[in-house]
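Computed over heavy atoms, backbone and side chain alike; hydrogens, waters and symmetry mates excluded.
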Amino acid sequence: MFSEDAFRYKVGKAIEQVSKILDLERQPEICTLVQHEYDDKYLLSEFIVNMSLASALIALEQLGLPTLDWKESITLRFEATEHCTFVMKQTRKEQSKTANIVDLGVHKIKNYVETTVEEYIWTKECKWELSCYPGTDLSKKKILISRSGTTSVKTLSNNEPRPANYVVPPVEVQIDYLLKNSGQIQFSINRNDPKCHTPRRNKQVIEALGFLAKLTQFASSVRDYFIHTVFQMPEPRPDISGLDQESDIFLPIFAVFEKNEQKQRVYIEDAPKFLSHETKTIESRFANLQKMYPLQEGVLTFKEVQVVEMLRLLTEIQDLADFNLDGVEAMIQQQVIAAIGKYVRPSDIDEYLAFHNSRYFAPAYQPLAFNFAVRRPEHVPEGILSIETPSKDANVPIQTYCSQQEAEFYMNLDASTQVHLKGKRYVHGFLKTAFSDSDPTSLELVCRARAYSCFVVCMGRISGPKQFEPKHAILVKNKDRFLIPLLTETIPSAKEFKDAISSLSPEQQQFAKQFRQMQLSTSLFGLLVVQVKPQLEKVLNLPPDALTKEIQLTQELMHLFTEFQIPSDLLSFDPAILDDWHVEKQITVNEKLKMVKKNVEQVNLVIAEERKRELEEAENKSKLRKAEEAVKTNPTMNIYFGAAPTPTPQFPVMAPGAPMLMASAPAPMARAKKAGGVFRSLSKSLSRTVMDTEAPKPVPPPKIQKEQAADVTEPQSEPSGNNRESQNADVGGLTSLPLTLDQNFEKYDKEGAVRPTVLSIGPSWEKKFTKSSLSKEESQTLDDDEQTTEKNKALDLLDALTKSGALTIEEAEFHVILAVTHVFDKTVMELVVQGNVNPISKIEKSSLVLASTIHGQPFQELTASVPKELE
């Protein structure tokens, strides 16, 4: 990682040397402190690379590299061989350093232990050479420098300390790039090259640094062999710490500008002076090393020290070149930060795009916040539905390009029940940006209901042109707040997919294309919102707004539908029971409500009776179990217990002509099995109530007026064949929308950076609720089982509100979300500084393509300033 302090320190030391070389009136200064133009950064980068290549050539010339006129590529090669030869065996007597003292009274005698030591003498020989050769012809190689040295080694065993003959694997590096760019100042950056992004990020600089990296790898490998092998052969081991000391060799590789008012601020003309001074400092360094290592024989002589020092210098050259070029790039970043006033992060880009889009797009096509009120016209909202981006400060709703129209669609509650829905359909286009430093946070679906309000939210996929498949569902009521994570998963962009299958067989391509069609279809994420009160009024045969102020009645109805799955026919107002007098009187809304309340009260009494009976049965079973346990412990108690006679059931005789209240009720739903015996008990209780009453006189069918009949909604029949065909009609091209968007990005996204994105529901939900209006809010985490319970509860309610699909839901809202992600492989600042890329213009182009697809309008209708790439 680049360090600003280290950069200032190293450049400061270089400036001290430069000040000694130049005239007094010259004023060298660190590049960040001198006012300059952008092209000066290119000149400075060229100067750094040229000085690095020239310094590397000087180091190789010190190793004997001559001037070559070969036309082939030139390779630098290092070879070494080792030999270990047995010389002789010798023995010697070695006296112990401590003595055993024997006390004879008058005299004390010291006895020393004498040991015979066998020593084996070996000769180690090391031959090495540094050469170069043209092309692949080793027979034409020229030896630059070579040497052979020997040393003696003693061992205490006859095992060879080294292999008798060992050939070190040769190390090579091509240097024709260096020779091609050496001599005069020949390295330059092609500013017109499409791959030229910045003074640091361009083809020419990358090639130069790549060569220096290879040369450094060669130098490091050879130097390690000398340090860790050759210099470890002599005994005793020589002191080579002087080779690791900081060198005083001057390297003219620095990011320095001339501080004057002239246009020329880079020291290109002074390069010969700098290189000459470098040569002098190398000679001075050699003189000092020769004093430290004056040996002329053995494996460690001044020649080996000279080679090791130049190899170290090559590694330092590459480090300085990288370091100073990074300094030029860091200078650009500092200037961008100084201009903006902060380090730009992905959240800042999102904030700017919200500001920019409101001015860039025409008013009718501006992106909107996904924050919708669940409400009927001219009514207070029941709640809020939003998709937000979680943050530490406050969650922010996402921005989407939205089109809306009236539509109808179908939803299967189970295998045998299909619900027909009508209402507004919103199609949202959501563009997400992903930088390399973006936080891996998911989106969040927030559903919140007001006090004494309720609505149903279903989440799922679009399985057909007009078919919605719910995967999850929730009932949001009475200040509930659901926080549901939305996971995002990207699939390859159109360009990435096309490039990946280009070399596959036709069968493999067909398989990949078919699988991609399935993936694209799953990118349509659906949210269905159903308001409960309007549909509840409809299923109870009540006029609109009849339940608006009936808070307690609404709560009891919701409880009966969701907890006990009571059929709506048992609770609804039935105009068929009215006589002619009531019909002519025009029954009021309050009277209808009273009848509904009476039905609710009657059902609650039956449920209460059933609960009481269950408690009594449980209590009797408990008493019987205790009695049986007592009998087991005391057999004499058997005489006190006898079998009670089974009473003969008495069935009441039903009065002739008595109406059966349960006759019109539909069969219990499949999901209602979990309600236990409530339905059975309810049916029996209501039947007993009817049979115990006096049979009424036959009443002719009432004459319902047209106005009164308008309040009664006739059950709809099962969809006919024509309706089935209409479900398969792709109205508005909804199911083809992902493919159309994919084709548009294939046409306009030449970089392949925009990827289709699949939204899915996360595993862990959070539900915040209050047990009463005055209690504090509590929180609960919903796992899979609890999510399934919430789904069943919501779908059971929809089943009851539609009479198992017989009634149409007229006031539904359907949100279809089509998401894409613009992926950047760098951070925001890296894109701007290193890639010379404006990410805002890239996102702007992607936004236009997405908005044009969602609205079905050409680019010119969306904005007045269309990028050239889209014209």
Show your working on ring-ring contact (aromatic ring centres under 6.0 Å, His included) between His428 and Phe372 and close with a plain yes or no. CA-CA 12 Å; His428 302 269; Phe372 290 84; 5.4 Å; yes
Using side-chain heavy atoms (C-beta onward) and a distance below 4.5 Å, is Leu528 in contact with Pro470?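 No; the side chains remain at least 4.5 Å from each other.
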Hey, does Ile484 have a side-chain heavy atom less than 4.5 Å from the side chain of Met459?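 Yes, their side chains come closer than 4.5 Å.
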Evaluation steps, side-chain hydrogen bond (donor to acceptor under 3.5 Å, both in side chains), between Lys195 and Gln204: CA-CA 10 Å; Lys195 295 183 179 181; Gln204 291 73 33; over 6 Å; no
Looking only at the side chains, is there a donor atom on one of [X] and [Y] sitting less than 3.5 Å from an acceptor on the other?
X      : Y      : value
Glu844 : His356 : yes
His822 : Thr433 : no
Thr757 : Lys432 : no
Asn50  : Glu46  : no
Thr216 : Thr315 : no
Gln508 : Lys513 : no

Do Lys845 and Glu751 pass the salt bridge (charged side-chain N to carboxylate O under 4.0 Å, His left out) test, and can you show the C-alpha distance, the side-chain angles, and the key distance before you say yes or no? CA-CA 12 Å; Lys845 184 179 72 173; Glu751 300 173 355; 5.7 Å; no
Considering all heavy atoms, the nearest [X]-[Y] contact:
X      : Y      : answer
Leu63  : Leu144 : O-CB, 3.5 Å
Leu130 : Phe78  : CD1-CB, 4.1 Å
Val820 : Pro756 : CG1-CA, 4.2 Å
Arg223 : Leu311 : N-CD1, 3.7 Å
Phe211 : Ile175 : CE1-CA, 3.8 Å

In terms of the angle between their ring planes, are Phe814 and Phe468 parallel, tilted or perpendicular, with boundaries placed at 30° and 60°?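 The rings of Phe814 and Phe468 stand perpendicular, inter-plane angle above 60°.
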Could you please spell out the steps behind the side-chain hydrogen bond (donor to acceptor under 3.5 Å, both in side chains) verdict for Glu37 and Tyr42? CA-CA 10 Å; Glu37 298 178 358; Tyr42 279 99; over 6 Å; no
For the CD atom on Gln217, are there more than 12 heavy atoms of other groups (residues, nucleotides or ligands in this structure) within a distance under 6.0 Å?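 Open.
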Where do Gln787 and Asp783 land on the side-chain hydrogen bond (donor to acceptor under 3.5 Å, both in side chains) test, with the steps shown first? CA-CA 6 Å; Gln787 293 173 21; Asp783 56 17; over 6 Å; no
Salt bridge flag under 4.0 Å for residues [X] and [Y]:
X      : Y      : result
Glu469 : Lys471 : yes
Lys141 : Glu79  : yes
Glu408 : Lys466 : yes

Looking at Arg755, Lys747, Gln519, Arg516, which one forms a side-chain hydrogen bond (donor to acceptor under 3.5 Å, both in side chains) with Asp742?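 Testing each of Arg755, Lys747, Gln519, Arg516 against Asp742, the sole residue satisfying side-chain hydrogen bond (donor to acceptor under 3.5 Å, both in side chains) is Arg516.
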side-chain hydrogen bond (donor to acceptor under 3.5 Å, both in side chains) assessment of Thr853 paired with Asn744: CA-CA 8 Å; Thr853 306; Asn744 290 339; 2.9 Å; yes
Measure from NZ or CZ of Arg425 to the centre of the six-membered ring of Phe409, then state whether that distance is under 6.0 Å and the direction lies within 45° of the axis.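 The answer is no, since Arg425 fails at least one limit relative to Phe409.
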Start with the C-alpha distance between Lys495 and Asp499, add both sets of side-chain angles, then the distance that settles salt bridge (charged side-chain N to carboxylate O under 4.0 Å, His left out), and finish with yes or no. CA-CA 6 Å; Lys495 183 178 183 301; Asp499 294 342; 3.0 Å; yes
Tyr401 and Phe361: CA distance, side-chain angles, deciding distance, ring-ring contact (aromatic ring centres under 6.0 Å, His included) verdict: CA-CA 10 Å; Tyr401 302 92; Phe361 287 93; 5.3 Å; yes
Salt bridge (charged side-chain N to carboxylate O under 4.0 Å, His left out) evaluation trace for Arg201 with Glu329: CA-CA 9 Å; Arg201 309 288 170 169; Glu329 190 169 79; 2.7 Å; yes
